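Values in this document were obtained by computation on a predicted structure and should not be read as measured data. When a residue number appears, it is its place in the shown sequence, counting from 1. Because only heavy atoms are used, hydrogens play no part in the values below, and waters and symmetry mates are left out as well, while side chains stay in. Order of listing sets the numbers, starting from 1, for every ligand and every atom in it.
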Amino acid sequence: MAIAKLTEEERTIALGDLQGWSLASDRDAIERTFTFADFVEAFGFMTRVALLAEKADHHPEWSNVYNRVEIALTTHDADGLSQRDIDMAKAIDALQ
Ligand code: HBI
């Protein structure tokens with residue numbers, strides 16, 4: 001099912017509503033890095049995000065190194081950034 005990509009204006013507005021997310025330089029995605037006290041805190045965060053992702057059927061592309069979690073969001077079905085990515089980023093921000 002094709003999903004619409006966000007327009008330039010929609011992107012600007014959406015990024016203004018998010019906390020600390022930025023457009024990826026190498027592809028049509030948004031990304032943010034989170035730093036925690038230690039690995040256990042980081043992994044607990046990842047567990048909560050995983051549950052959000054499963055519920056939304058919209059999954060992050062992410063990496064974890066000790067207390068840092070890097071998350072990228074893009075929509076494969078849109079071949080780029082869609083509202084689903086913004087909604088997921090907002091849900092992740094709400095965990096902070
Ligand atoms: N997660 N980020 C992201 N983007 C998608 O397009 C996507 C997903 N999770 C599941 C999903 N699509 C399914 O609907 C299938 O398209 C794989």
_Protein heavy-atom partner closest to atom 12 (N) of ligand 1 - residue, atom, separation in Å_ = Asp77 OD2, 3.9 Å
*Roughly how far, to the nearest 0.5 Å, is the CD1 atom of Ile92 from the CZ atom of Arg32?*
9.0 Å
_Within-cutoff protein neighbour (heavy atom, under 4.0 Å) for atom 5 (C) of ligand 1_ = yes
*Please work out which of Met88, Glu54, Arg84, His59 has its closest non-hydrogen atom nearest to atom 8 (C) of ligand 1.*
His59
*asked:* Can you report which non-hydrogen protein atom sits closest to atom 10 (C) of ligand 1, along with the distance?
replied: Asp57 OD1, 3.2 Å
Contacts under 3.5 angstrom, residues 38-47 side chains, donor-acceptor by atom type, not counting sequence neighbours:
| from | atom 1 | to | atom 2 | distance (Å) |
| --- | --- | --- | --- | --- |
| Asp38 | OD1 | Val40 | N | 3.2 |
| Asp38 | OD1 | Glu41 | N | 2.8 |
| Thr47 | OG1 | Phe43 | O | 2.9 |

*Are any of the N or O atoms of His76 closer than 3.5 Å to those of ligand 1?*
yes
*Which of these passes side-chain contact (heavy atoms from CB on, under 4.5 Å) with Leu81: Leu15, Leu23, Thr74?*
Leu23
*Linking I/L/V/M/F/W/Y whenever their side-chain heavy atoms sit closer than 4.5 Å, directly or via other members, would Trp21 and Ile13 fall into one cluster?*
no
_Consider side-chain hydrogen bond (donor to acceptor under 3.5 Å, both in side chains). Of Asp28, Thr75, Asp87, Asp77, which one does Ser82 pass it with?_
Thr75
*Answer side chain, backbone, both or neither: which part of Thr74 comes under 4.0 Å from ligand 1, heavy atoms only.*
backbone
